[in-house]
Each structure stands twice: as C-alpha cells, then as structure tokens.
Engineer: 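Sharing a structure, written as structure tokens. Questions coming.
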Amino acid sequence: MTIYLALTVLAFRFGPWPWPVQQPGYLYLYLTAAIALFFTGAIGGAFASIPWRSPIASHREAATIKVAILLMVLSVLMLSEARTDSLLPPVSLQLSLANYNYDIFVARNFTRGWWTYFEYAFALLSPFFFLALTGAIQHCRQLGWPYRIAYIFACVTYLLIYTHIGVNRGLFQLSVLLPLTFGLCYAFSGLTSRRTIWILISSAVVGIALFLWIFVFFISFRDPASNVGHFTPLNLDAQRSGAIYAMLPPALYPGYETVTRYLGVGYYGLSLALAETDYGLGWGLTNSLLVLRKAKVLLGDSWYFHTLLPVIEKKYDWSLWSTWHSAFAWFISDFGVSGSLIVVLMIGVLYGLVWRNLLMTGSVVALALFYLLNTMVFYFPANNQLLQSADTFFGFLVLFLIFVAGFFQLNLIRTSPSATTVFDQPSKDRF
C-alpha cells in the first residue's frame with residue numbers, strides 16, 4: 001500500500017497534467033512525510049506483540065458468517081429499493097440512463113425522503129455485510145450451497161445497484177479490493193499453494209483492468225472533454241508528450257489521462273489546503289461528509305464556513321461537494337497540518353495491528369477490518385472514502401470497536417483459543 005501511495009504521487013508529479021501547484025516543495029515534503037509515517041506506523045503495529053484474541057470463537061465463525069450472509073441479502077435488497085426504486089436492480093448497460101440515475105442519486109444524498117430510512121437500515125446492517133463479503137470466501141468450504149448461492153446473489157445485486165446509478169465503487173470493491181485483500185492475506189500466510197496465490201493475483205489484475213475500462217468508459221461519456229485531454233474545472237489541458245505517450249497508442253491517451261487525473265486531482269486540492277493558514281479547525285467534525293452534515297444540523301452554518309474546505313472553495317472556487325481534496329486535506333481540516341500527520345501515523349499503526357492479528361489468528365473480524373482499511377488507503381489520493389458514506393462509516397466503527405475489545409479480553413466476550421495461523425485448518429489449498 002505504501003508503494004501504491006508513492007506511485008500516485010509520481011503520477012501527479014510526472015503525469016500529463018501540469019497542475020498549477022503554488023508551493024510544490026511544501027506539497028511533496030508533506031506527502032513524503034505522510035507516506036513515511038503511514039509506513040512507519042504499519043511496521044510498528046505489525047511488530048507490536050500485544051496479546052489479542054478474536055471476540056468470535058473460531059468454532060463459531062462459520063455460523064456467524066451464515067447469519068451475516070442472510071442479513072447481507074436483506075441489506076442489498078433494501079439498498080436496491082432506496083437507490084433504484086425496485087427490490088431488484090434493473091439490468092441496463094445504457095450509459096445515458098446510468099448518468100441520469102447518477103444525478104438522481106446525488107440529489108437524493110442532499111435531501112430526505114422515504115429512501116433515507118432504507119439507507120439507514122443498510123448502514124445499520126453494514127457490519128454484517130462486510131463480515132459476509134470477506135468471511136464467506138474464507139469459510140467457503142464450511143458453507144452449504146444455499147448460503148453460497150445467497151452470497152453470490154447478494155454480490156451480483158450489489159454490483160448491479162452501483163452499475164445502475166453510474167458509480168464505480170461497487171465494481172472496485174468486488175473486482176479489485178476483494179481479490180487484493182485475499183491475495184495479500186494468502187500470499188503472506190504461507191499456508192496456501194502457489195496456484196491459489198496466482199489465481200488471486202490474476203483475479204486482481206483482471207479486476208483492475210475491467211474496472212479501469214468501465215471507469216474510463218463512464219467518465220468519457222459523462223465528461224466528453226476528457227476524450228481530448230481537457231479538465232474543465234481548471235481549464236487545464238494534458239501535455240501529450242514524453243515517454244509514456246511514445247509507448248501508448250493514441251486510442252489509449254484518454255484512458256491514461258483519466259486515470260492519472262483521477263489519482264492526482266485530490267493532491268491539487270491538498271496543495272490548496274497547505275497554502276492556507278487562516279481557518280478554524282473542525283476537531284473531528286469536518287473529516288467526513290457524513291459527520292459534517294450531522295454537525296451542521298446541530299451547530300448551524302456559521303462555524304462550518306470558517307473551516308478549511310469552505311475557505312478553499314470561496315478563495316479558489318474549488319468546490320467542497322464536487323471536487324476532490326485528498327483524505328489528507330480532510331484530516332488537515334480537522335487537526336491542522338501537524339495533527340493530520342499524527343492521524344496518518346495512527347492509521348498506519350491500526351493497519352499494522354490488524355494485519356498482524358489477521359495473520360496470527362485468521363479472525364473474520366480482522367479480515368473484514370483489513371478489507372475496510374484497504375478501502376481507506378486506496379482512496380487516500382481522492383477523499384476520506386471510508387468515513388464519507390454511512391455504510392462504510394458505521395461498518396468500520398462497529399468492527400473497529402469489536403477489534404479493540406479483543407485486546408481487553410473481557411470475561412463477557414467469548415474469546416477464541418490461541419491460534420498461530422490465518423486459517424482454522426492448515427490446509428495447503430483452502431481457497
């Protein structure tokens with residue numbers, strides 16, 4: 001993940017977009033420090049020998065996953081009703097319809113209606129959703145065919161919902177993050193065959209290729225200017241020169257420019273955040289759109305307009321709601337530049353702790369939390385994705401608290417016996 005973050009910075013610096021950064025030295029110093037602190041925290045967490053036991057006993061994990069799968073099916077049906085107005089999402093490949101539905105989805109995010117209660121219900125069931133999403137694969141052989149079919153049905157329904165509303169997150173979660181999470185877990189556990197590892201790696205590569213193809217396809221339809229290398233918000237044109245363009249066929253120029261812009265535009269927003277000094281800190285209330293909306297209801301608008309991102313929007317016309325700032329800018333909005341680096345260090349420590357205990361115990365709680373943390377880190381260049389939506393926010397919060405409870409080993413919590421492997425049986429081919 002550290003390598004990935006470093007590559008996004010290189011794509012921003014040496015990619016085709018001449019971003020008008022005001023203080024490039026300060027920006028790259030900050031990004032270097034942030035990535036180094038994340039890596040340092042992750043290494044520290046991974047080597048911290050703090051006793052931990054899974055709050056879910058190992059012999060009960062399969063039963064827990066079965067219940068979670070049933071609740072996962074219920075949750076995706078409610079999500080479909082909220083976002084597609086149908087219990088089962090329509091199957092459509094019409095881009096014009098997807099973009100129309102996307103506008104409806106965005107509008108609904110800013111208003112309340114009957115769909116709001118279904119969204120809340122989906123958020124409340126999200127811990128079970130993520131337990132089932134990851135745990136069903138881990139315990140596949142212990143599940144009967146009815147549960148396997150229910151799991152596949154839930155995944156397909158979830159994917160169709162996001163396809164219907166023209167949002168790429170569903171495809172990214174299933175085709176990229178899921179095989180990547182298991183690939184990391186299985187590769188470093190040393191308890192599975194090379195064939196399985198290569199299957200997971202191949203699945204991740206194919207998933208990334210499929211995701212990028214569909215993503216670029218949607219963006220080119222939604223933003224026709226991107227096909228000729230133009231970025232409308234900054235009136236910026238890609239510089240089609242250099243080694244990459246010498247190797248790429250012209251047909252792939254828009255795809256390359258779209259991906260590098262996708263990975264880099266948030267760092268431009270970060271550069272604006274680093275250039276500001278006169279703003280009020282949010283102190284935990286402005287690092288997430290979800291939390292920010294609730295805080296505005298309670299505290300009003302006056303405090304909010306003095307925080308970092310609204311100041312940037314007013315000064316540079318870089319919108320809080322429609323453009324990206326990177327997760328680092330959201331952290332700065334809450335705790336300042338120095339405080340944001342401490343937050344990144346703490347995220348790294350948590351990442352390392354979860355990684356260590358996943359390999360040591362194979363707990364489904366650690367696996368689901370590891371999956372969510374991968375989501376957070378992957379979206380670092382764009383936004384604070386993990387805490388932006390109610391489902392990922394609540395799912396992460398609940399699983400995090402359950403994970404933390406494993407360090408206290410309360411008598412009220414049924415703990416699993418000590419384990420030293422990522423699987424409950426040391427089979428050479430569990431996948």
Engineer: Once rounded to the nearest 0.5 Å, what's the spacing between atom CE of Met72 and atom CG of Leu133?
Structural biologist: 5.0 Å
Engineer: Within the side chain of Glu81, is there an N or O that forms a donor-acceptor pair under 3.5 Å with the backbone of Phe118?
Structural biologist: no
Engineer: Set out, in order, the CA-CA distance, both residues' side-chain angles and the distance that settles side-chain hydrogen bond (donor to acceptor under 3.5 Å, both in side chains) for Thr286 and Thr307, then state yes or no.
Structural biologist: CA-CA 8 Å; Thr286 62; Thr307 57; 5.3 Å; no
Engineer: I need the minimum non-hydrogen distance between Val377 and Leu5, along with the two atoms involved.
Structural biologist: O-CD2, 3.8 Å
Engineer: Passes side chain to side chain contact (heavy atoms under 4.5 Å, CB included), Gln138 versus Phe182? Steps please.
Structural biologist: CA-CA 9 Å; Gln138 185 183 16; Phe182 276 94; 4.2 Å; yes
Engineer: Given 3.5 Å as the limit, does a donor-acceptor pair link the side chain of Thr134 with the main chain of Phe130, or not?
Structural biologist: yes
Engineer: Of all heavy-atom pairs between Ile69 and Ala136, which one has the smallest distance, and what is that distance?
Structural biologist: CD1-CB, 3.9 Å
Engineer: Once you round to the nearest 0.5 Å, how far does CZ of Phe129 lie from SG of Cys155?
Structural biologist: 6.5 Å
Engineer: Hey, is the main chain of Pro381 close enough, under 3.5 Å, to the side chain of Thr8 for a donor-acceptor pair?
Structural biologist: no
Engineer: So, Tyr316 and Glu276: side-chain donor and acceptor under 3.5 Å apart, yes or no?
Structural biologist: yes
Engineer: Taking the side chain as everything from C-beta on, heavy atoms only, tell me whether Trp52 gets closer than 4.5 Å to Leu353.
Structural biologist: no
Engineer: Over all heavy atoms of both residues, which pair between Glu61 and Gly362 is shortest? Give the atoms and the distance, please.
Structural biologist: OE1-O, 4.0 Å
Engineer: Short question: side chain of Ser340, backbone of Ile332 - any donor-acceptor pair under 3.5 Å?
Structural biologist: no
Engineer: Side-chain contact, heavy-atom cut-off 4.5 Å: Tyr245 with Gln239?
Structural biologist: no
Engineer: Output yes when a side-chain donor or acceptor of Glu257 lies under 3.5 Å from a complementary backbone atom of Arg240, and no otherwise.
Structural biologist: no
Engineer: Between Arg261 and His230, which heavy-atom pair has the shortest distance, and what is it?
Structural biologist: NH1-O, 3.9 Å
Engineer: Okay, side chain of Ser126, backbone of Gly395: is any donor-acceptor separation there less than 3.5 Å?
Structural biologist: yes
Engineer: Any donor-acceptor pair under 3.5 Å linking the side chain of Ser80 with the backbone of Ser86?
Structural biologist: yes
Engineer: Can you confirm whether Phe370 is buried at CZ, in the sense that more than 12 heavy atoms of other residues, nucleotides or ligands lie under 6.0 Å from that atom?
Structural biologist: yes
Engineer: Side chain to side chain contact (heavy atoms under 4.5 Å, CB included) for Leu263 and Val259? Distances and angles first, verdict last.
Structural biologist: CA-CA 6 Å; Leu263 293 174; Val259 171; 4.1 Å; yes
Engineer: With a 4.5 Å heavy-atom cut-off, do Tyr151 and Ile65 have their side chains touching?
Structural biologist: no
Engineer: Could I get the full list of ring-ring contact (aromatic ring centres under 6.0 Å, His included) partners for Phe335, not counting sequence neighbours?
Structural biologist: none
Engineer: If I compare all heavy atoms of Ser271 with all of Val21, which pair ends up nearest, and what's the gap?
Structural biologist: CB-CG1, 3.8 Å
Engineer: How far does CG of Leu131 sit from OH of Tyr371, to the nearest 0.5 angstrom?
Structural biologist: 12.5 Å
Engineer: Say whether Thr361 and Ser54, considering side chains only, have a donor N or O and an acceptor N or O under 3.5 Å apart.
Structural biologist: no
Engineer: Take Tyr351 and Phe38 through the ring-ring contact (aromatic ring centres under 6.0 Å, His included) test and state the conclusion after the steps.
Structural biologist: CA-CA 9 Å; Tyr351 192 95; Phe38 171 79; 5.6 Å; yes
Engineer: A side-chain contact here means heavy atoms from C-beta on lying under 4.5 Å apart; do Phe407 and Asn357 qualify?
Structural biologist: yes
Engineer: Parallel, tilted or perpendicular, judged at 30° and 60°: which one describes the rings of Phe396 and Phe400?
Structural biologist: parallel
Engineer: Whether the side chain of Tyr4 engages the backbone of Phe378 through a donor-acceptor N/O pair (distance < 3.5 Å, no angle test) should be reported.
Structural biologist: yes
Engineer: Any side-chain heavy-atom pair from Leu171 and Tyr162 closer than 4.5 angstrom?
Structural biologist: no
Engineer: Quick check: do Ile312 and Tyr279 have side-chain heavy atoms less than 4.5 Å from each other?
Structural biologist: no
Engineer: Please step through side chain to side chain contact (heavy atoms under 4.5 Å, CB included) for the pair Asn384 and Met376, ending with a clear verdict.
Structural biologist: CA-CA 7 Å; Asn384 190 12; Met376 169 180 269; 3.9 Å; yes
Engineer: If every non-hydrogen atom of Pro179 is compared with every non-hydrogen atom of Ser175, which pair is closest and at what distance?
Structural biologist: CG-O, 3.2 Å
Engineer: Quick check: are there more than 12 heavy atoms from other residues, nucleotides or ligands sitting under 6.0 Å from OH of Tyr256?
Structural biologist: yes
Engineer: If you measure only the distance, is there a donor-acceptor pair under 3.5 Å linking the side chains of Thr323 and Ser319?
Structural biologist: no
Engineer: Consider side-chain contact (heavy atoms from CB on, under 4.5 Å). Of Trp318, Tyr262, Tyr379, Tyr268, which one does Trp324 pass it with?
Structural biologist: Tyr262
Engineer: Roughly how far, to the nearest 0.5 Å, is the CD1 atom of Ile165 from the CG atom of Leu79?
Structural biologist: 7.5 Å
Engineer: Run the salt-bridge test on Asp278 and Lys315 with the 4.0 Å N-O cut-off and return the result as yes or no.
Structural biologist: no
Engineer: Are any non-hydrogen side-chain atoms of Pro89 and Thr157 less than 4.5 angstrom apart?
Structural biologist: yes
Engineer: Are any of the side-chain heavy atoms of Phe153 and Leu77 separated by less than 4.5 Å?
Structural biologist: yes
Engineer: Go through the steps to decide whether Phe380 and Phe331 satisfy the test side chain to side chain contact (heavy atoms under 4.5 Å, CB included), and finish with yes or no.
Structural biologist: CA-CA 11 Å; Phe380 264 178; Phe331 299 151; 4.0 Å; yes
Engineer: Distance from Gln388 atom CD to Trp330 atom CH2, nearest 0.5 Å?
Structural biologist: 5.0 Å
Engineer: Just how far is it from atom CG of Leu292 to atom CG of Leu285, taken to the nearest 0.5 Å?
Structural biologist: 8.5 Å
